[in-house]
Number of protein chains: 2
Amino acid sequence: MTITIKHIADKAGVSRGTVDRVLNGRTGVKPEVRERVLAIAKEMDYSPNVAAKALAYSKKPILFGVVMPPREISFFDEVRRGIQNAADELKDLGIRLEYEYVNNRKQEESAAAIDKLVEMGADGILFSAMDNDLTRASIDRAVKQGVPVVTFNSDVENSSRVCFIGQDLPKSGRIAAGLLSRILKADSKVLVVTGSLNFHAHRSRVKSFQDNLQQTRSDIEIVNVVEGFDQYELTFSQIDQALHQEPGIEGIYMATGDVGACIDAIKRHGKEGKVKVVCNDLLPETERGMKEGIIDFTIVQNPSMQGYRALRILFDHRFLGKPPEIEYYFTETNIMIPESM
Amino acid sequence: MTITIKHIADKAGVSRGTVDRVLNGRTGVKPEVRERVLAIAKEMDYSPNVAAKALAYSKKPILFGVVMPPREISFFDEVRRGIQNAADELKDLGIRLEYEYVNNRKQEESAAAIDKLVEMGADGILFSAMDNDLTRASIDRAVKQGVPVVTFNSDVENSSRVCFIGQDLPKSGRIAAGLLSRILKADSKVLVVTGSLNFHAHRSRVKSFQDNLQQTRSDIEIVNVVEGFDQYELTFSQIDQALHQEPGIEGIYMATGDVGACIDAIKRHGKEGKVKVVCNDLLPETERGMKEGIIDFTIVQNPSMQGYRALRILFDHRFLGKPPEIEYYFTETNIMIPESM
DNA sequence: ATGAAAGCGCTAACAT
DNA sequence: ATGTTAGCGCTTTCAT
């Protein structure tokens with residue numbers, strides 16, 4: 001038989017109201033009573049009934065804030081879809097969502113969004129935007145006020161967010177190395193393109209790629225690691241230049257950055273299909289590149305699952321009292337080829 | 001504001017009990033009243049509150065039967081895990097599971113399991129076992145009695161099951177062709193291994209593989225398509241023989257069948273790493289083959305998601321009154337390399 | 001600090 | 001054929 005607060009109340013010789021106060025950390029219970037109730041709940045292995053809780057909360061649902069880049073950033077379409085899927089499932093389970101779309105280049109916006117949500121009385125926050133001192137401070141403040149923050153897709157390091165859900169960057173670099181090592185012949189030359197080596201996230205894939213390629217295919221030479229700073233023009237000219245200087249390049253790893261620029265540079269040199277390309281994610285340009293036979297493999301991070309899991313984790317935490325078990329949740333790292341589409 | 005049966009009852013000038021009878025297809029309502037209530041519900045865009053429904057059902061939960069192969073079949077570990085995940089999420093939402101493990105070689109067992117569950121009063125059945133006339137008949141009988149059946153992982157064709165959730169077989173064959181076409185050099189010879197071409201499911205991958213390879217790489221020759229009937233001995237001898245007769249084989253596509261046999265045959269010929277191998281799924285032997293550098297790629301079908309989705313679909317159908325929108329639900333087809341593990 | 005009781009939306013048993 | 005009512009397990013308001 002399943003244990004309810006009534007059972008606990010009876011055993012503890014108190015009312016259901018008191019048990020509720022204890023179990024939900026509300027004030028106004030004598031410490032010794034609290035202890036006793038807690039002990040009994042544990043002993044009976046009590047866990048709350050989701051449906052009942054949800055129904056009781058339906059008057060005043062729990063509010064979760066979602067901070068993420070606006071609709072224009074197409075990469076986040078999938079992430080948003082995942083959040084929406086989870087929200088649909090939890091629709092009647094006593095939660096409500098409040099979205100805050102922020103320009104992820106402006107750090108004040110990200111920080112302000114968190115403050116605003118806390119102000120509104122949010123019971124938890126899903127966050128995916130700028131990693132900087134201002135947002136870090138806002139997150140720390142929110143958490144201190146009892147509002148847990150879960151970061152997704154891109155983390156805010158050294159903050160007090162409860163956990164992060166996103167991709168395993170070293171794994172994606174390792175897989176990229178594995179793929180190129182299987183399609184390049186002996187003594188090939190490889191170019192690596194990234195955004196900025198100043199960012200941990202960008203460096204991480206590159207480092208792992210280098211380490212793994214070196215280890216398994218020491219005959220392959222990485223001729224250069226160039227930075228495109230996530231801008232089309234810069235990326236294009238970097239790749240263009242590299243292909244000029246080293247006509248022998250047979251493989252490109254687009255660790256981060258503008259895939260469209262890479263496609264165009266390759267076309268300019270008439271190297272379609274001759275240079276093997278491995279990149280990340282599945283944006284419209286990537287699809288185009290795959291269909292045109294320029295991109296051979298792309299490594300994807302399951303963005304919709306990131307959104308879905310982030311919301312479920314926050315729900316389990318706030319609603320069911322099950323804190324996240326680990327600090328880093330990694331979504332699957334998958335490989336796609338043109339035939340996968 | 002959200003619509004409840006109370007609103008409908010008021011507007012229709014009847015009691016909540018009557019609305020409940022109509023909305024849940026129970027008997028004992030005058031046809032004209034039924035019409036009216038239905039019309040109003042539609043007009044008000046009513047959808048039931050999950051939490052409330054779940055709570056009310058907690059006395060007598062909805063019973064779902066699950067028919068699948070026993071624990072010994074390790075492939076199904078993941079599928080079972082997916083079902084369990086969904087069951088945990090739905091734990092308090094008024095459903096209960098009853099497992100029936102059947103030997104998927106014995107057709108009587110599969111059919112009997114369905115009959116037994118219907119007998120027990122199951123409100124829906126998840127089925128993954130033998131596709132034959134006996135089970136087909138059982139499924140048809142169950143459905144006729146109002147017990148919807150959802151098949152997962154392997155379908156029962158031409159039966160009245162409401163939908164199937166599993167992999168996209170042609171896609172997996174197409175991806176296999178795409179992979180081999182990227183790692184084999186010009187004029188390579190390829191061997192295809194499958195279970196039995198008599199089975200639609202086994203034939204499907206092979207056909208798609210052939211078609212796609214032919215189309216993109218007409219220089220590659222498929223020297224033979226052999227059948228191993230899912231037995232180690234037969235598979236081993238078939239591959240062994242093929243490697244003898246055609247020492248020039250540089251690629252093997254294990255469409256279905258015993259991967260361990262393939263690994264051993266390659267070892268016997270000292271062809272580790274020389275023959276490129278693409279196979280399916282991720283069983284312990286596959287992992288071993290990948291670690292030993294014998295298997296280059298394996299194409300996986302996300303088995304845990306098959307279990308998870310199957311249960312959610314049945315839940316949505318029976319509990320929320322949302323019938324499946326499509327007949328075939330395909331889980332993602334992913335590519336793994338040794339570095340993916 | 002604690003108890004009692006109403007109510008969340010729905011189902012089911014009982015009444016009529 | 002239809003209305004009434006007592007729960008389902010939990011939260012919250014109002015008493016005490």
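A quick note: this is a predicted structure, and the numbers were derived from the prediction, not measured. To find a chain, count down the sequence lines: A is the first, B the second, and so on, and within it residues start at 1.
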**Report entry** Chi angles and distances behind the salt bridge (charged side-chain N to carboxylate O under 4.0 Å, His left out) call for Lys116(B), Glu119(B)
**Finding:** CA-CA 5 Å; Lys116(B) 178 177 171 190; Glu119(B) 191 67 32; over 6 Å; no
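Residue Met44(A) contributes atom CE, which lies 15 Å from atom C1' of dG9(D) at whole-angstrom precision. Computed from coordinates, the Ile62(B) CD1 to dC10(C) C1' distance equals 12 Å when rounded to whole Å. The distance from atom CG of Asp92(A) to atom P of dG9(D) is 19 Å, rounded to the nearest whole Å. Computed from coordinates, the Leu55(B) CG to dA12(C) P distance equals 12 Å when rounded to whole Å. Rounded to an integer number of Å, the gap from CG of Leu93(A) to P of dG9(C) is 14 Å. Rounded to an integer number of Å, the gap from CD of Glu35(A) to C1' of dA1(C) is 16 Å. We find that CG of Leu320(A) is positioned 12 Å from P of dC10(D), with the value rounded to whole Å. When the P atom of dG3(D) is taken as reference, atom CG of Asp10(B) falls 11 Å away, rounded to whole Å.
Put simply, Thr4(A) has no side-chain N or O that comes within less than 4.0 Å of OP1 or OP2 on dG9(D). Under 4.0 angstrom from either OP1 or OP2 of dC8(D) there lies no side-chain N or O belonging to Ser58(B). OP1 or OP2 of dG3(C) has at least one side-chain nitrogen or oxygen of Thr18(A) nearer than 4.0 Å.
Among the protein residues, Gly94(A) comes within range of no part of the nucleic acid, since none of its heavy atoms lies under 4.0 Å from any strand.
Side-chain contact between Asp131(A) and Glu157(A) is present, with at least one heavy-atom pair separated by less than 4.5 Å. Between Leu38(A) and Val22(A), some side-chain heavy-atom pair lies under the 4.5 Å cut-off.
For residues 80-99 of chain A, the set of pairs meeting the ring pair (Phe, Tyr, Trp, His ring centres under 6.0 Å) definition, not counting sequence neighbours, comprises Tyr99(A)-Tyr101(A). Applying the salt bridge (charged side-chain N to carboxylate O under 4.0 Å, His left out) test to residues at least two apart or on different chains, the pairs with a partner in residues 8-22 of chain B are Lys6(B)-Asp10(B), Lys11(B)-Glu43(B), Asp20(B)-Arg26(B). Screening residues 25-61 of chain B for ring pair (Phe, Tyr, Trp, His ring centres under 6.0 Å), with sequence neighbours left out, gives Tyr57(B)-Phe319(B). Listed by first and then second residue, the ring pair (Phe, Tyr, Trp, His ring centres under 6.0 Å) pairs involving residues 17-39 of chain B amount to none (not counting sequence neighbours).
Using a 4.0 Å cut-off between charged nitrogen and carboxylate oxygen, Arg161(B) and Asp155(B) count as a salt-bridge pair.
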Report task. Determine, for nucleotides 11-16 of chain D in 5'-to-3' order, which nucleotides have protein heavy atoms under 4.0 Å from the base (write B), from only the sugar-phosphate (write S), or from neither (write -). Result -> BBB---
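Interatomic distance, CE of Met68(A) versus OG of Ser110(A), reported as 13.0 Å (0.5 Å rounding).
From one end of the helix from dA1(C)-dT16(D) to dT16(C)-dA1(D) to the other, with five pairs defining each end axis, the axis direction shifts by 50° (rounded to 10°).
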